[in-house]
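To start, the structure under review is shown below, and the notes come after it.
Note that the structure is a prediction, hence the values are computed from the model and not measured. Whatever order the structure lists them in is the order used to number ligands and atoms, beginning at 1. Below, all heavy atoms of this structure are taken into account, side chains as well, without hydrogens, waters or symmetry copies.
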Amino acid sequence: MSSTTLRARALPGSMLLAAALALSACGGGGGFGGTAASSPPPGAASGAAASGPQLSAPPPIEGAVVTEGESRTIKFGIGLAETSPQYLSVVHFRDVLAQRTNGRLKVDIFPNSQVGDDKQMMSALQSGSLDMTYPSTSPATALVPELRLFDLPFLFPEAEDADKVLDGPIGTSLLKKFDGTGIKALAWAENGYRQLTNSNKAVTTPEDVKGLRLRVMENPIQVDIWKTLGANPTSMAFGEVFSALEQGVVDGQENPWATIFSSKFNEVQDYGSDTRHVYTPFIIMASQQMFDGLSPEDQAIVQEAAEATRDYDRTISREFADYAKTQLKAGGMNVNDLTAEQQAAFQEATQPVYDKWAPEIGSDLVAEVQSQIDAG
Ligand code: TK8
């Protein structure tokens, strides 16, 4: 199959930045030191008004209430901070369970990679020592190799293209591929479009990337993308990134604006470039042991709560991305957009990554995703 048939449509134009609005604070509290991050009970008055985006409120919680059944506290570990859309969506998950089980199922949330990085938390699910987590697809490719699909650069021109694929038969079949691994993959969510940051220079062309020492996720295609562009990539767990940047072990990293902002990478990075080079999904997943121990009614509630979490996460992830980029600029980070031509140059320069990896991932799968995107 010729490589040109494997590429996405023309890339989107530059993003218009939405103005940042006042935050309706959700409070945070707690957090480090291995204790669950507490937050005000649902519906409590917000804490001191912190400046931030006014994120959409969680949707009303629907569905039958099941009062009868066991009570338990679900231990839910995530990599990102309490200010991230990921965390706020897990708060919604907690509230849905509380309401629909009449308080029987509680959730302790452990943010900031405090109970491990993505790979460690997934193996904790397999052993049953952690109940739920919410990793990126890239570190999960060792369990389900087809997920490498989402490491292909410039695959999805718009997030809605990703939604269509993830919520259709391809996404459903990929979640089922976790069956037998000790992990129950419940639903997709959004990490988002990855942007490049570094401390050396503004990046607008592939040439600018040459020689940059970059942290990348633990995944061979992520390494290949940046090697192909002439950078010097190092695979590293997310929890180590801030200190690696601070100590100058690497010059830069790449993540969505929401993560760059909520993890305060702008404190140790001077330049941010809107490269939008990869769209990374999150996966909301449970320990198979934990899930199998639930009654059928509670399993259905956990499944429906995960899908509600997916929907809410996508909404606030997209709202937060615009706000985060604006705030990073306002805070002094040198943030540059790329013109459509500059983005096309990066897409062209990473074509060899497609040519090499699409056949390994499955040319038919990649082509099917492509045709769903092209169908609009
Ligand atoms: C957080 C990670 C992170 C990912 C990375 O658990 O490792 O850079 O983008 O969001 O999954």
Y193 and Y279 aromatic ring geometry - parallel, tilted or perpendicular at 30°/60° bounds: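 Ring orientation of Y279 relative to Y193: perpendicular.
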Ring geometry between Y134 and F76 (parallel below 30°, tilted from 30 to 60°, perpendicular above 60°):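 The arrangement is tilted - the two ring planes meet at 30° to 60°.
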Taking [X] first and then [Y], would you say they form a salt bridge - that is, a charged N and a carboxylate O separated by under 4.0 Å?
X	Y	answer
D179	K176	yes
R100	E62	no
D167	R314	yes

I61: hydrophobic cluster co-members (side-chain, 4.5 Å):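 When side chains under 4.5 Å apart are linked, the cluster holding I61 also contains V96.
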Residue shell around ligand 1, heavy atom under 4.0 angstrom: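 Only G79, L80, D118, S136, N191, R194, R215, M217, F238, N255, F282 have heavy atoms that fall under 4.0 Å of ligand 1, ordered by chain and number.
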